[in-house]
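Data block below; observations after.
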Amino acid sequence: MKRMKGGEEGSTGSSSASPPEARKKVRKQTGEASAATATTAADSGEPSPDGDWALLPQELLLHVFQYLPLLDRAYASQVCRGWNQAFHMPELWRCFEFELNQPASSYLKATHPDLIKQIIKRHSNHLQYVSFKVDSSMESAEAACDILSQLVNCSLKTLGLISTARPSFMEVPKSHFISALTVVFVNSKSLSSLKIDDTPVDDPSLKVLVANNSDTLKLLKMSSCPHVSPAGILCVADQCHGLRELALNYHLLSDELLLALSSEKHVHLEHLRIDVVSENPGQHFHSIKKSSWDAMVRHSPKFNLVMYFFLYEDEFGPFFNDEIPVTHLYFGRSVSKEVLGRVGLHCPRLVELVVCANGLRPLDEELIRIAKHCTQLSAIGLGECEVTCSAFVEFVKMCGRRLSQLSIMEEVLIPDHKYSLDEIHWEVSKHLGRVWFPDMMPTW
């Protein structure tokens, strides 16, 4: 009002504007001034004093968009033309995860079908690091195959197929899955990482993989792939000399495979994971020669050998009779005292040991033997087992401060004449050089 009054007093020979017209005039002048200021700031490279988000540099906007969930990113692209252009920048689509599920049977948040269509139409040639996360339904796995079959213009560097529940890809018709996967193998000439656990991949499709990506493949994870034979995985090892990480089931492991991975042409292997799984009680397992393991160690002296055992007690006959270079050992089912005794004698490179169950006979002698011969052991976990407090303290004393991880349930420890449960944590803490308590089973 003062401004208007001053304007009226200062004006001579002209009629005063009505209040609504004056407000419009003020707003127009203010808008023109702001636009001029923004233009000047943009021309000079300085930030606008009004904080105009439309003037954010594209690289900064791209960095912000990378932290947004896909749906929020799509909403943000509708704010203005600049944000929409940022939404379609190729750098934003190099890494992408498709989440596919049936809303009625899954708690996962699915990628919207309209967004999937737009991604395939406009950004399939930008995709490089792609993963598919599907629920337990066959419909979701088939949808993933449908998307894979449309990626004809892309050259992927990594591909991961992940089943969040049961292996739903195994329920898809094999021909449909192989056809979709072959599209990626043929068009991707620089695939370096492939995770296809629990899928119906077979030997012919692996040959296509090798024919197009043998020079670049470095990581291959294909546990629980029943249609692959030892000859199929051997073909991969023979041709992919840059392979550094490999994960597979024990039935695919052979002396020939280890020798191929140990050849002069092959790079040093860094990580080998073997799942030893029994489908039926009494299943027979073959043996691997000590000379094959020795060749592997000579070629790749620092490689990690990770083994997961899900066997029944009477199926351990072929294992741990000779020295084996295992570094990480996990027993998912009950394992006998005899087998753990063999572990202590024949696993000198052991770094981590996890025993889920053993029985009602104390593992005193076996733990002492492991501490004596496995001089690199730094992590151990014991579940449904029994160990006397005195033997456990002696084990910790022999290992000392190299035990960085010590996870023992309180129910495992048996009080004896030297230590009670209230006293043992003090003695163990003294030898570890840090405060330690046994794990407690929560009461619900």
Side-chain angles (χ1 to χ4, degrees), residues 124 127-132 144-145 147-162 167 169-170 172-275 288 292 295-296 299-300 303 305:
S124 61
L127 297 173
Q128 294 183 2
Y129 310 94
V130 175
S131 62
F132 290 82
C145 294
I147 296 173
L148 282 173
S149 63
Q150 298 179 64
L151 301 181
V152 294
N153 296 320
C154 68
S155 182
L156 299 185
K157 292 185 177 180
T158 68
L159 174 63
L161 304 181
I162 305 167
F169 284 104
M170 293 300 298
V172 176
K174 182 184 173 185
S175 59
H176 185 197
F177 178 84
I178 296 299
S179 175
L181 197 62
T182 302
V183 169
V184 176
F185 289 170
V186 170
N187 290 281
S188 298
K189 305 298 183 181
S190 57
L191 197 61
S192 63
S193 175
L194 181 62
K195 301 178 183 180
I196 47 175
D197 299 322
D198 299 298
T199 63
V201 63
D202 59 5
D203 291 357
S205 57
L206 288 181
K207 290 182 179 180
V208 177
L209 168 69
V210 170
N212 293 276
N213 302 272
S214 61
D215 294 334
T216 58
L217 190 64
K218 296 180 180 179
L219 182 149
L220 177 60
K221 293 187 176 182
M222 45 178 298
S223 297
S224 301
C225 296
H227 300 295
V228 176
S229 69
I233 192 64
L234 182 59
C235 173
V236 175
D238 280 335
Q239 301 297 322
C240 301
H241 297 147
L243 196 63
R244 297 182 181 275
E245 295 188 36
L246 180 62
L248 66 163
N249 277 66
Y250 185 79
H251 78 275
L252 296 178
L253 186 67
S254 64
D255 295 298
E256 293 78 11
L257 176 62
L258 292 178
L259 294 177
L261 294 172
S262 306
S263 67
E264 294 181 358
K265 297 180 180 180
H266 208 286
V267 300
H268 295 302
L269 196 70
E270 297 176 358
H271 194 90
L272 177 61
R273 168 177 167 163
I274 308 295
D275 291 348
I288 300 296
S292 301
M296 190 76 239
H299 181 267
S300 304
F303 90 104
L305 175 58

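Reckoned from all heavy atoms, side chains included, excluding hydrogens, waters and symmetry mates. Counting begins at 1 with the first residue of the sequence. Nothing here was measured: the structure is a model prediction, and the numbers come from that model.
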Full working for side-chain contact (heavy atoms from CB on, under 4.5 Å) between I288 and Y250: CA-CA 10 Å; I288 300 296; Y250 185 79; 3.6 Å; yes
Verdict with reasoning, D197 to S224, per side chain to side chain donor-acceptor pair (under 3.5 Å): CA-CA 6 Å; D197 299 322; S224 301; over 6 Å; no
Q128 and S155: CA distance, side-chain angles, deciding distance, side-chain contact (heavy atoms from CB on, under 4.5 Å) verdict: CA-CA 6 Å; Q128 294 183 2; S155 182; over 6 Å; no
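Of the possible polar contacts, one joining the T182 side chain to the I178 backbone as a donor-acceptor pair under 3.5 Å is found. A donor-acceptor pair under 3.5 Å is absent between the side-chain atoms of S214 and the main chain of A211, judged by distance alone. Between the side chain of K189 and the backbone N or O of V186 there is at least one donor-acceptor pair closer than 3.5 Å. Judged purely by atom type and a 3.5 angstrom limit, S188 has no side-chain atom pairing as donor or acceptor with the backbone of L191. No donor-acceptor pair under 3.5 Å is formed between the side chain of N213 and the backbone N or O of T216. A donor-acceptor pair under 3.5 Å is absent between the side-chain atoms of S205 and the main chain of V201, judged by distance alone.
Closest approach of D202 to V228, counting heavy atoms only: CA-CG2, 4.1 Å. Residues L243 and V236 share a closest heavy-atom pair of CD2-CG1, 4.5 Å. Between H251 and P230 the shortest heavy-atom distance is O-CG, 3.6 Å. Counting all heavy atoms, side chain and backbone alike, L217 lies closest to S193 at CD1-N, 4.3 Å. The two atoms that bring C225 and I196 nearest to each other are SG-O, 3.3 Å, heavy atoms only. Between S149 and A180, the shortest heavy-atom distance links the atoms N-CB, 4.1 Å.
A heavy-atom distance below 4.5 Å is not found between the side chains of L156 and N187. In this structure, the side chains of T158 and S192 come closer than 4.5 Å at one or more pairs of heavy atoms. Residues E270 and F303 form no side-chain contact, since every pair of their non-hydrogen atoms from C-beta on lies 4.5 Å or further apart. Between I233 and D203 there is no side-chain heavy-atom pair separated by less than 4.5 Å. Looking at M296 and L269, their side chains come closer than 4.5 Å, going by heavy atoms from C-beta outward. Within the 4.5 Å cutoff, the side chain of M222 has no heavy atoms near those of the T199 side chain. The shortest distance between side-chain heavy atoms of L219 and L194 does not fall below 4.5 Å. Using a 4.5 Å heavy-atom threshold, the side chains of C240 and K218 count as separate.
Classified by interplanar angle (parallel below 30°, tilted 30° to 60°, perpendicular above 60°), the ring pair H266/H241 is perpendicular.
Taking OG of S223 as the start and CG of N249 as the end, the distance is 5.0 Å to the nearest 0.5 Å. The CG atom of D198 lies 11.5 Å from the CD1 atom of I162; values are rounded to the nearest 0.5 Å. In this structure, CG on L159 lies 6.5 Å from CG on L181, to the nearest 0.5 angstrom. Here the straight-line distance linking atom CZ of F185 with atom CG of N212 works out to 9.5 Å at 0.5 Å rounding. Separating the CG atom in L248 from the NZ atom in K221 is a distance of 12.5 Å, to the nearest 0.5 Å. Taking CZ of R244 as the reference point, atom OG of S300 lies at 9.5 Å (rounded to 0.5 Å).
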